[in-house]
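Remember, it's a predicted structure, so these values are computed and weren't measured experimentally. For the numbers below, each heavy atom of this structure counts, side chains included, while hydrogens, waters and symmetry mates do not. Here is the naming used below: chain letters follow the sequence lines, and residue numbers restart at 1 for every chain.
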Amino acid sequence: MQPKEPTRIFLYNTLTRQKEELTLREPGKVSLYVCGVTPYDALHIGHARAFTVYDVLRRVLTARGLEVTHIQNVTDVDDKIINRAAEVGVSAKELAERFAAEAADDTRALGMLPAHLYPRVTDYIKPIVDMVQVLEHKGYAYARAGDVYFDVSKDPQYGKLSGQKLDELEAGARIEPGEHKDDPMDFALWKGVKPGEPSWAAPWGEGRPGWHIECSAMALELLGAGFDIHGGARELIFPHHENEVAQSEMYLDGNAFARLWWHCGVVQVDGKKMSKSLGNFLTVRQGLQIASPQVWRLFYLMTHPRSPLDYNEERLMQAKSAWGRLYSALSTHEAEPYRLFAAATANGTPNGSAPDNAAVRHFRERFDAALADDLNTPIAFAAIFDAVSEWHRIHDDDLARVVRGALEMLGFTFEVQQPSDELGELAPRLIEMLVEVRREARERRDFKSSDNIRNELEKIGVLLEDTPEGTRWKMEM
RNA sequence: GGGCAGGUGGCGGAGCGGCUAACGCGCUGGACUGCAACUCCAGUUUUCAUGGGUUCGAGUCCCAUCCUGCCCUCCA
């Protein structure tokens, strides 16, 4: 199962519980559907972890020459949105769009590429209604008092994604007041309208989509049956994804909905899942106050994407130190655009311009193989850190450029950190003046003054490093 | 109760049948430095939850036990 050729990619398929080679419905093209947000509140760093993981998956696939269509839905009609909107006194749509826009800002601030499309459920009511109707006509769903429910007993494969057996699920299930299910495991495809709620016309009367149907309908509408990868966090496996598979594959007469399900782990705090309901969350905005986007990205990627990730500030600071090491080593080099190792060597390198020596080769082989093996980012970073150490030893600038290119491929940036927004371009010049004053002090062996300058600058986040070529400064990450 | 993931050093975190168990953070000593920082070198530490078993050989497979998290209700 170890990928020998880095052009092949292996991912753990939740459906089959093993790593599988990624095979595509259409050669060269990857259709990726990721479960996005229900925008009724701020994005927190748990959400951001998931989106970062899929951002990296998409970047890696793209860097391998695949054309990725990345879709991330926005569930803009939902109980929580409706309730929250009522509290705040705005329409549900207004509230949803406000938080969706905020989430878009936050993900951009974290350095993620925007998905190619963020479909809103409310823009896909027609396909949803159509799908529910088909399910009803085929006898897999039934209408009761304005609601429509999926009849789980009609699906012999129900439970295959989460590994649950129907009778075991039955034990814990119950029917909520106001529901009209025949069986506790059945789930709503369509909810009849209640006073004050947004609703749309449908054959069963006014109402709105149930929770799971929107993803099925939008994925099928936008990507079509048998699309390549369906993603989301682990917690969504049941019931959300299980129900998506059930309704979609019954709708498709047993044909596959998604080829591969790849789930990422959740973020925990002190061993408990970070969640809005527990209140143990840190919003992305708060998070960006204490660490840069690069530090967050590294913090996320130093753990395997499918593993749980326990957050606390000390661990974040470990990532900060680690990023500082990468940044100070690589920030002064031009990046060599990332190219897949096998492709680079197979196609030959025109004019011999592309770096290709033993150190570069060794790094690329490890890095590419790690990412191809279920997106093993911890090992990819082991290769990066080893390469950085190697660079410090042998000062092979090609190696530094290639490593920097690899980091940029993963979504890291090496922008010069601005010392201060207020001072703008003036600040670097002032710092350089202080560095010069300090140099003169050191020449006089006035170490009291020189240390004072260094210490005071450090207090405001400017770090000085004396090198044989002179003093250089950098902002604390 | 059921399903699914796990339990590896001071802290994170890879490895999942076979070199002296990656990598990061931390710590100690040395080099460099006016002193630091950065960097390099040398160390630091784990018989890989526990008890059995399979195997020439096991964190790595099997069984049992203990513990943790996730899901079974909205949640990335």
Could you write out RNA chain B as a dot-bracket string, with dots for unpaired bases, | for bases paired across to another strand, and Watson-Crick or G-U pairs counted at under 3.5 Å?
((((((((.[[[..)..(....]]]((((((.......))))))....[[[[[..)....]]]]])))))))....
Counting only heavy atoms not in Glu334(A) (residues, nucleotides, ligands), do more than 12 fall under 6.0 Å from its CD?
no
Select one nucleotide: of A14(B), A5(B), G3(B), the one nearest the side-chain heavy atoms of Gln164(A).
G3(B)
Report all interatomic pairs (protein N or O, nucleotide N or O of nucleotides 23-33 of chain B) with separations under 3.5 Å.
| from | atom 1 | to | atom 2 | distance (Å) |
| --- | --- | --- | --- | --- |
| G24(B) | N2 | Gln318(A) | OE1 | 2.7 |

Does Thr52(A) put a side-chain nitrogen or oxygen below 4.0 Å from OP1 or OP2 of A76(B)?
no
Between Leu301(A) and Phe412(A), the two heavy atoms sitting closest are CD1-CE1, 4.1 Å
Give a yes/no answer on whether the side chain of Arg49(A) brings an N or O atom under 4.0 Å of OP1 or OP2 in A76(B).
no
Check every atom of G34(B), C72(B), A76(B) against the side chain of Val37(A) and return the nucleotide holding the closest atom.
A76(B)
Phe299(A) and Trp323(A): aromatic ring centres closer than 6.0 Å?
no
Hey, is the side chain of Lys80(A) pairing donor to acceptor with the base of C74(B) inside 3.5 Å?
yes
Considering just the side-chain nitrogens and oxygens of Arg472(A), establish if one lies under 4.0 Å of OP1 or OP2 belonging to A37(B).
no
Using a heavy-atom cut-off of 4.0 Å across all strands, would you classify Gly36(A) as base, sugar-phosphate, or nothing?
sugar-phosphate
Which part of the nucleic acid, if any, lies within reach of Gln268(A) when heavy atoms closer than 4.0 Å are counted: base, sugar-phosphate only, or nothing?
sugar-phosphate
Looking at Thr38(A), does any N or O in its side chain come under 4.0 Å of the phosphate oxygens OP1/OP2 on A76(B)?
yes
With sequence neighbours left out, the residues meeting ring pair (Phe, Tyr, Trp, His ring centres under 6.0 Å) with His304(A) are none
For the side chain of Ser307(A), counting heavy atoms from C-beta on, which of C40(B), A76(B), A14(B) is nearest?
A14(B)
Any Asn455(A) side-chain nitrogen or oxygen under 4.0 Å from OP1 or OP2 of C35(B)
no
Does the A36(B) base have a donor-acceptor partner in the side chain of Arg454(A) within less than 3.5 Å?
yes
Of Asn376(A) and Lys272(A), whose closest RNA chain B nucleotide lies nearer the 5' terminus?
Asn376(A)
Got a donor-acceptor pair under 3.5 Å from the side chain of Asp451(A) to the base of G34(B)?
yes
With the side chain of Ile379(A) defined as its heavy atoms from C-beta on, choose the nearest nucleotide among C41(B), C4(B), G15(B).
G15(B)
